[in-house]
Amino acid sequence: MINTDQPDVEVALLLNYYLHKVFSLPHNIRDLLNGQYEDILNSELSTSVVEAIKCDDNLEEIIIKDVSRSNTHLSWLCTGVASLLHFVQCNWTGPPVSKNIDWIESMRDKALKDLSLHDECNINVKKIEFLYLSKRIFSNTALQLKYKSCIWWLFRANLLHQHILDESSGVIFEESENLILKIKELDILKDSLCELLFNLEAAQFYLYYRRTQNSEKHLECAQSLAGLTLDLQGAMGKRTKYQHVEKAQLYLNVQISKDIIPSIDCKDIPKSLDLNDELRLENIEFSEHKEEIKLGSWEEAIILLNYFQLRLCHPEHKLTYEEIKPYLTKVVENTKNWSLKITSLYHRCLLEHTDKRTVERSMMQAESLQKDYYNTKVSVARRMDLFFASGMKPIWILEQNWAEIMFSLGFIKEASEHFAELGMWEYVINCYITLNLKHKATEIIQQEISKKPTVKLWWLLGDATGDVSHYETAWRLSKEKSSRVQERWGRYYFAKKNYTEAIPHLKLSVELNNIQELVWLNLGYAALQTEDWKLAATAYKRYCALEPSNFEAWNNLAKVYIKLRDKPKAWKFLQDAIKCNYDRWEVWDNLMVVSIDLGHFTEVIRCYHRILDLKHSHLDIQVLQILTDAIINDLPDVDSGKSASHLLQKCLELFGRINSITINNPDVLRLYTQLVMLRKTDVDEKKAVQYLQQAYRAATSNPTWIYNEDATLNILTLCSNLAQVYLDCATDVSDIQKRKMLGSAKLSLQSVLRKVEEQEWSNANIIEELTKVKNYFTTINNKVIEINNTLSTKV
């Protein structure tokens with residue numbers, strides 16, 4: 001824990017509070033912990049430095065020069081922290097600040113240009129110069145040597161930087177990952193609270209970029225540090241007011257093996273609005289009292305992170321929401337932390353806006369959250385507690401959520417007006433398209449361009465009008481560096497299924513920004529359609545690395561490698577597709593086909609059973625033929641390392657299941673017979689005769705078979721098999737039984753031979769098989785004559 005004898009300034013700033021001997025902290029640190037950011041910004045730096053910044057564009061050199069003076073390090077650290085947290089106050093936590101700070105305001109245009117990364121920042125960002133200043137301060141190497149936590153603060157600034165961009169940035173991601181590695185080496189992490197906080201913030205970072213495997217590692221570490229055990233359990237309870245019969249309900253069981261981590265409660269936290277539904281209860285009423293363990297803000301932050309992790313890792317489905325909602329409910333009902341409360345209520349709005357019984361509360365709560373931003377009762381400092389670990393969204397996202405809920409309820413005009421206020425013109429276009437007023441959307445964008453042309457407005461005009469010249473204008477305006485312009489340009493052609501034209505734009509977009517999941521996906525599909533297999537493989541592999549839970553992408557990647565004649569890789573990727581979606585029979589079918597080609601015969605049987613589970617009926621004679629031949633010829637099974645003959649019993653079980661579903665299919669019965677005969681018992685021989693007789697009757701039941709070459713060849717082959725089985729079975733039986741069996745075979749063959757010989761055939765296979773059946777017939781006929789003579793002699 002924190003050393004109480006020598007207060008650690010850096011730890012106190014990172015945690016945003018210091019519970020021990022507050023009076024011993026320097027005055028500027030106390031001011032920061034009390035949320036007096038403007039005072040710090042106006043007083044910490046010398047007049048000469050302030051004047052230099054106002055008059056000079058080279059902020060980096062000014063910082064380097066002044067930091068070199070030994071007595072200014074703490075002032076620069078405090079200025080950087082105050083600048084970043086002031087930016088957070090203006091755009092996330094509130095209350096809003098209207099007053100400008102002159103010497104910082106002068107760098108606003110430079111900040112916008114520098115932080116836009118060629119694709120423009122969100123139009124709603126306020127006082128971006130504070131983020132710019134903080135990043136420049138924390139990037140100073142001399143200051144980083146003096147205060148190691150500067151690297152951590154720079155990591156925080158980077159994540160905020162990402163939030164003000166409309167697209168994920170590969171540059172910020174890579175830089176931030178390097179910062180995470182450096183933070184892990186800091187001595188400051190020896191403090192247990194700092195280690196816990198770092199893991200929470202790192203998990204939030206990876207969740208933003210949908211890197212769930214990385215976020216899970218940090219989340220597990222944080223949970224272990226807090227001694228927290230979370231377990232979903234079921235208990236009997238009621239959910240509705242008029243429910244008489246209790247049903248099993250999910251709740252989150254929380255266990256703590258350590259003392260609760262100390263935190264500061266916020267008095268005036270945002271209120272959770274009541275549901276006020278005529279049917280549904282406010283909360284689940286459990287029949288047995290559930291003892292609630294007291295939680296602190298740190299523990300609640302971990303629970304909320306678990307909710308984010310689970311939601312991202314599971315598909316969008318009502319059942320998924322039921323399973324993860326207890327995590328969210330636990331935080332909503334218990335937290336006394338301002339950021340956690342805002343965030344949990346926001347996510348409850350997202351869950352509830354699709355349900356007719358909760359959508360009204362969702363809309364009212366979304367509106368209430370916006371008011372909380374302007375509420376001046378809550379101190380600025382308490383709003384910052386665990387802010388960077390909370391996953392809180394900027395104020396414009398809260399406002400956007402409210403407008404989206406209005407749109408879903410049919411208040412299209414009101415929603416469009418609100419979107420317009422937020423400068424979210426793509427949403428405005430969608431509203432007007434819904435109202436069949438697409439021309440109106442075009443007019444509005446043209447009006448905005450006449451006021452101030454931007455890259456985004458020009459490509460939006462291209463979207464609205466379908467005129468590619470507007471994309472060209474946007475591209476030139478961005479100095480040919482905007483990945484977003486190329487993405488929209490490519491999407492225009494992609495939507496028209498003009499994949500050849502779309503590919504160059506999509507390729508250029510991902511070259512400029514390589515972590516655009518959807519662009520990689522579209523590029524892969526476009527390459528697939530144009531049969532550019534190498535490009536398709538590259539695109540789908542990159543997409544699957546960024547978004548590993550999309551089974552269709554894995555499936556398409558496997559398809560590409562089949563085209564590239566690399567079936568082992570295709571097989572591996574299909575296994576990944578199965579992990580993502582266990583319930584798509586098409587993926588199982590693809591895996592089965594590739595498995596049969598590669599000799600994974602155990603996997604083939606598993607796949608076929610799973611397809612039958614999902615489809616209830618499926619017939620692939622080619623696969624069944626190869627599987628049967630593999631067992632008959634004792635080919636090696638790649639999965640087990642043994643010969644395929646050891647799969648005989650499992651294969652018979654599969655055929656038995658198929659035969660019970662697909663009744664009297666000649667091909668299935670023929671193959672089934674071949675497998676049954678391998679066991680070489682009297683019982684199996686009788687079964688084989690029975691199955692072949694069924695196959696013969698089914699194949700010849702349609703009188704038109706004689707006019708189809710494939711059907712004729714199939715029946716002749718069936719007759720050969722039938723004749724051979726009858727001959728085998730008629731060896732160790734009495735003459736009377738033998739005559740009966742061979743007589744039956746003779747009649748079957750005679751009927752087929754008569755019809756086939758009436759036709760003229762040029763098909764060599766049919767002529768060959770016909771000759772074979774004639775020979776069998778002659779053999780059987782001679783044996784029947786011989787048996788009749790023997791029996792006559794005995795009489």
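A quick note: this is a predicted structure, and the numbers were derived from the prediction, not measured.
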Fill in the blank from the handout: Rounded to the nearest 0.5 angstrom, the CD1-OG1 distance for I63 and T72 is 10.5 Å
Practice task
Look at the aromatic rings of W153 and F138 and report parallel, tilted or perpendicular, splitting at 30° and 60°.
Solution key: parallel
Practice task
Identify whether the distance between the nearest side-chain nitrogen and carboxylate oxygen of K456 and D166 falls below 4.0 Å.
Solution key: yes
Handout entry: Side-chain heavy atoms of S176 within contact of I180, under 4.5 Å
Key = no
Handout entry: Face-on cation placement of R211 at F173 ring, 6.0 Å and 45° thresholds
Key = yes
Exercise for the section: Could you check if a side-chain atom of V125 sits within less than 4.5 angstrom of a side-chain atom of F87, using non-hydrogen atoms only? Expected result: yes
Exercise for the section: Could you tell me whether E105 atom CD has more than 12 heavy atoms of other residues or ligands within 6.0 Å of it? Expected result: yes
Exercise for the section: Answer yes or no: does atom NZ of K217 have more than 12 heavy-atom neighbours from other residues, nucleotides or ligands under 6.0 Å? Expected result: no
Problem - From CA spacing to verdict: ring pair (Phe, Tyr, Trp, His ring centres under 6.0 Å), F155, F205 - result: CA-CA 9 Å; F155 168 71; F205 164 78; 5.5 Å; yes
Exercise for the section: Check the angle between the aromatic planes of Y307 and H347 and answer parallel, tilted or perpendicular using the 30° and 60° thresholds. Expected result: perpendicular
Practice task
Report the distance from atom CH2 of W396 to atom OH of Y373, rounding to the nearest 0.5 Å.
Solution key: 9.0 Å
Problem - Salt-bridge criterion met for E10 and K148 (N-O under 4.0 Å) - result: no
Exercise for the section: Taking atom types as modelled, find out whether Q516 and S509 have a side-chain donor-acceptor pair closer than 3.5 angstrom. Expected result: yes
Problem - Between N28 and S75, a side-chain donor and acceptor under 3.5 Å - result: no
Problem - Flag, side chain of K336 to backbone of K267, donor-acceptor distance under 3.5 Å - result: no
Practice task
First locate atom OG1 of T343, then atom CG of L305, and finally report the distance between them rounded to the nearest 0.5 Å.
Solution key: 10.5 Å
Problem - Geometric class of the Y206/H218 ring pair [parallel <30°, tilted 30-60°, perpendicular >60°] - result: parallel
Problem - Heavy-atom neighbours of Q370 CD exceed 12 at 6.0 Å - result: yes
Problem - Close side-chain approach of R383 to Q89, heavy-atom, < 4.5 Å - result: no
Problem - Basic-acidic side-chain contact under 4.0 Å: K182, E185 - result: no
Problem - Note, K341 side chain near K271 side chain (heavy atom, < 4.5 Å) - result: no
Practice task
Assess whether side chain to side chain donor-acceptor pair (under 3.5 Å) is satisfied between S272 and R348, documenting all intermediate values.
Solution key: CA-CA 10 Å; S272 170; R348 190 180 71 179; 2.9 Å; yes
Exercise for the section: Measure the spacing between CZ of R210 and SG of C313 and express it to the nearest 0.5 Å. Expected result: 9.5 Å
Problem - K110 side chain reached by Y132 side chain, heavy atoms, under 4.5 Å - result: yes
